[in-house]
Chemist: 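Following this message is one structure expressed as structure tokens.
Just so you know, ligand 1 is whichever comes first in the structure, and atom 1 is the first atom listed for that ligand. Computed from heavy atoms alone, side chains included, the values below leave out hydrogens, waters and symmetry copies.
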Amino acid sequence: MPVPELPPPRSSLPEAVTRFGATALGAVAARARETSDAFGTWSGAPTPPAPPAGLPSGPSSNALSPTAPAETGVPANGAPGPGPGLERLLRGPHGLGTAGLRLTPRAEPPEPVAAEKGRPIPGLYYHPAPEPDPGRVDEVSRRIKAWALDEVSLYPEEWEEQFDGFSVGRYMVGCHPDAPTVDHLMLATRLMVAENAVDDCYCEDHGGSPIGLGERLLLAHTALDPLHTVREYQPDWAASLHADAPRRAYRSAMDYFVRAAGPSQADRLRHDMARLHLGYLAEAAWAQQDQVPEVWEYLAMRQFNNFRPCPTITDTVGGYELPADLHAQDDLQKVIALASNATTIVNDLYSYTKELDAPGRHLNLPVVIAEREGLSDKDAYLKSVDIHNELMHDFETEAAALAAACPVPSVGRFLRGVAAWVDGNHHWHQSNTYRYSLPDFW
Ligand SMILES: CC(C)=CCC/C(C)=C(\C)COP(=O)(O)OP(=O)(O)O
Ligand SMILES: [Mg+2]
């Protein structure tokens, strides 16, 4: 039976911008005024200066200037799109000399899609992403395989097909359209591979188990956050980092990352990885007890067992730095959590059939809703789509509000980087038919 193509629902961008006074962000904006970043020096006041009427903003002004001209906001698939506030966020810098600074061109049609396969989930709110640059994909794919085999001995020969089917090069090139070089893309790609090695080998279907997971994760975490102890025991720890593939991968990926990142960017990643490991432990505890959590408990766990460490390195991969105090502000933390939660529920939806087919019970949002709320599999899945859509709308609302309230160039670029990651992540899940297929609900 043919499946009706439902357009993604309209963005519900509200007037949240008006809720954000300059007070909450005044201090960080003031400090940021003194900070140069990849876009130039911020030279405004906490409330952003509007360029003279009729003139485009210059390179140092933010894309979210309240005076930026409104666009219709129709996304590439012809579906109704985000409102003008979000549109300004997504459009990126404009005016003379800023063309090279733009990110995903959301209001324009995507590139012709050569390799795209798979179809989007009907009713899912998402933004189509352009097909990742094939030249970059080839180069990242070549280099990541060499790293996996030659530098960290990641997998035995029989796993090669799964490694290739994961298409990590395509994934990371699509999620980081503003990476200046392939070297920058490799920072994200190594980490993505290492994170999946830990998940597969410690937690899931390549030898993983909830039993003893806490010990394995803690020892692997020291590959990211080094042990500093007495001389007698330091060599034992150093040797342990080579003891298995997940630790070799973490150690090496982090080593490359630390050399490219600033100290606070590296520390941000360590913190996000600790969050991830905490999430793995809660999931494992439920598996060990054969327990299905309540829906809100599952959502809390999934906020930690989450893609978050991937979008939050967007500035390092983009070759600039979001200052630590700007990253730490509550409103940005909320935006990051909402975006990361949306990306992770996308995984729950696209990996639903794969996880149903796996041995044992694999928790994901539709499974938990069906169990805890007594819904049919289909209704639980559709409710999960609605939950995803609400998270996406909230992300976009909060991001637009923050960008308006904190018009610092590095914040605007970071928010666009997170949005690009969200779109690239959806594109990869939708098109990776090697790993994922949709249930037969429509
Ligand atoms: C890359 C990274 C930080 C991963 C963290 C956790 C993770 C593996 C996911 C959020 C993906 O979820 P899941 O384990 O369900 O993956 P698959 O569905 O098996 O692709
Ligand atoms: Mg999954």
Chemist: I'd like to know if E131 pairs up with R170 as an ion pair, taking the criterion as any Lys NZ or Arg NE/NH1/NH2 lying under 4.0 Å from an Asp or Glu carboxylate oxygen.
Modeler: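 A salt bridge links E131 with R170.
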
Chemist: Evaluate the criterion ring-ring contact (aromatic ring centres under 6.0 Å, His included) for residue pair F307 and W421; output intermediate values, then yes/no.
Modeler: CA-CA 10 Å; F307 285 123; W421 206 93; 5.8 Å; yes

Chemist: Can you name the atoms of ligand 1, numbered from 1 with element, that are less than 4.0 Å from a heavy atom of M192?
Modeler: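 This gives 1 (C) as the contact atoms.
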
Chemist: Mind checking whether H277 and Y280 have parallel, tilted or perpendicular rings, split at 30° and 60°?
Modeler: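 Judged by the thresholds at 30° and 60°, the geometry between H277 and Y280 is tilted.
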
Chemist: For atom 3 (C) of ligand 1, what's the nearest protein heavy atom and its distance?
Modeler: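 Nearest neighbour among protein heavy atoms for atom 3 (C) of ligand 1, to 0.1 Å: E195 OE1, 3.5 Å.
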
Chemist: Does any N or O atom in N305 lie less than 3.5 angstrom from one in ligand 1, N or O only?
Modeler: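 No, since none of the N or O atoms of N305 sits under 3.5 Å from an N or O of ligand 1.
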
Chemist: Any idea which part of R308 is under 4.0 Å from ligand 1, heavy-atom wise: side chain, backbone, both or neither?
Modeler: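 Near ligand 1, R308 shows nothing, with every heavy atom at 4.0 Å or more.
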
Chemist: Have a look at ligand 1 and work out which part of F304, if any, has a heavy atom under 4.0 Å from it: side chain, backbone, both or neither.
Modeler: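 It is neither; nothing of F304 touches ligand 1.
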
Chemist: In terms of residue, atom name and distance, what is the protein heavy atom nearest to atom 8 (C) of ligand 1?
Modeler: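 Going atom by atom, the protein heavy atom closest to atom 8 (C) of ligand 1 ends up being D199 OD2, 3.1 Å.
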
Chemist: Got a salt bridge between R142 and E139, using NZ or NE/NH1/NH2 to carboxylate O under 4.0 Å?
Modeler: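 Salt bridge present between R142 and E139.
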
Chemist: Using a 4.0 Å heavy-atom cut-off, which part of N306 comes near ligand 1: side chain, backbone, both, or neither?
Modeler: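 Backbone only.
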
Chemist: Tell me, please, whether Y250 has R248 positioned over its six-membered ring: NZ or CZ under 6.0 Å from the ring centre and within 45 degrees of its axis?
Modeler: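 No, R248 does not sit over the ring of Y250.
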
Chemist: If you define the side chain from C-beta out and look only at heavy atoms, does anything of R247 sit under 4.5 Å from S240?
Modeler: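 With C-beta onward as the side chain, the pair touches.
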
Chemist: State, without any angle test, whether N432 and Y171 hold a side-chain donor-acceptor pair at a distance under 3.5 Å.
Modeler: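 No, because no side-chain N or O of N432 sits under 3.5 Å from a partner of the opposite role on Y171.
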
Chemist: Need the ligand 1 atom indices (1-based, order shown) with element for anything under 4.0 Å from a heavy-atom of C310.
Modeler: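 Result: 1 (C), 3 (C).
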
Chemist: Using a plain distance cutoff, I'd like to know if H362 has any nitrogen or oxygen under 3.5 Å from a nitrogen or oxygen of ligand 1.
Modeler: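 No, since none of the N or O atoms of H362 sits under 3.5 Å from an N or O of ligand 1.
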
Chemist: Report, in ascending order of atom number, the atoms of ligand 1 lying under 4.0 Å from any heavy atom of S351.
Modeler: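 Going through ligand 1 atom by atom, the ones under 4.0 Å from S351 are 18 (O).
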
Chemist: Give the numbers and elements of all ligand 1 atoms closer than 4.0 Å to a heavy atom of N196.
Modeler: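 Once the distances to N196 are compared, the set is 1 (C).
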
Chemist: Show me which atoms of ligand 1 lie under 4.0 Å from any heavy atom of Y280.
Modeler: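 Listed by number with element, the hits are 5 (C), 6 (C).
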
Chemist: Does any part of the side chain of L365, heavy atoms only, come nearer than 4.5 Å to the side chain of V295, both counted from C-beta?
Modeler: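 When only atoms from C-beta onward are counted, L365 and V295 do touch, with a gap below 4.5 Å.
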
Chemist: Among R143, R190, R136, which residue satisfies the salt bridge (charged side-chain N to carboxylate O under 4.0 Å, His left out) criterion with D183?
Modeler: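 Single pass found, and it is R143.
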
Chemist: Walk me through whether H271 and R275 qualify under side chain to side chain contact (heavy atoms under 4.5 Å, CB included).
Modeler: CA-CA 6 Å; H271 189 177; R275 288 183 163 109; 3.8 Å; yes

Chemist: With heavy atoms under 4.0 Å as the rule, classify the contact between Y436 and ligand 1 as side chain, backbone, both or neither.
Modeler: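 The answer is the side chain.
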
Chemist: What is the closest protein heavy atom to atom 13 (P) of ligand 1, and at what distance does it sit?
Modeler: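 The closest heavy atom on the protein side is N347 OD1, 3.5 Å.
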
Chemist: Is L276 touching ligand 1 with its side chain, its backbone, both, or neither, if touching means heavy atoms under 4.0 Å apart?
Modeler: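 The answer is the side chain of L276.
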
Chemist: Between C203 and ligand 1, which residue portion shows a heavy-atom distance shorter than 4.0 Å: side chain, backbone, both, or neither?
Modeler: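 The answer is neither; C203 stays 4.0 Å or more away.
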
Chemist: Before accepting this row, confirm whether a basic side-chain N of the pair R302/E283 lies closer than 4.0 Å to the acidic partner's carboxylate O.
Modeler: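 So R302 does not pair with E283 through a salt bridge.
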
Chemist: Between D244 and R216, is there a side-chain N and carboxylate O pair less than 4.0 Å apart?
Modeler: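 The answer is no: the pair does not qualify as a salt bridge.
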
Chemist: Going by the atom numbers of ligand 1, which of them fall below 4.0 Å from some non-hydrogen atom of R435?
Modeler: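 Once the distances to R435 are compared, the set is 17 (P), 19 (O), 20 (O).
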
Chemist: Check this for me, if you would: do R416 and D178 make a salt bridge, where the nitrogen-to-carboxylate-oxygen distance has to be below 4.0 angstrom?
Modeler: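 Judged by the 4.0 Å cut-off on N to carboxylate O distance, R416 and D178 do not form a salt bridge.
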
Chemist: Mind listing the protein N/O/S atoms less than 2.8 Å away from the Mg ion (ligand 2)? Waters don't count.
Modeler: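 Checking every protein N, O and S atom gives N347 OD1, S351 OG, E355 OE2.
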
Chemist: Applying a heavy-atom cut-off of 4.0 Å, say which part of R302 lies close to ligand 1: side chain, backbone, both or neither.
Modeler: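 Answer for R302: side chain.
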
Chemist: Taking the inter-plane angle between the rings of W428 and Y436 on a 0 to 90° scale, is it parallel (under 30°), tilted (30 to 60°) or perpendicular (over 60°)?
Modeler: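 Because their plane-to-plane angle is over 60°, the rings of W428 and Y436 count as perpendicular.
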
Chemist: So which protein heavy atom does atom 19 (O) of ligand 1 come closest to, and at what separation?
Modeler: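 It is K354 NZ, 2.7 Å.
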
Chemist: Using a 4.5 Å cut-off on heavy atoms from C-beta on, say whether the side chain of L154 contacts that of L149.
Modeler: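 They are not in side-chain contact.
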
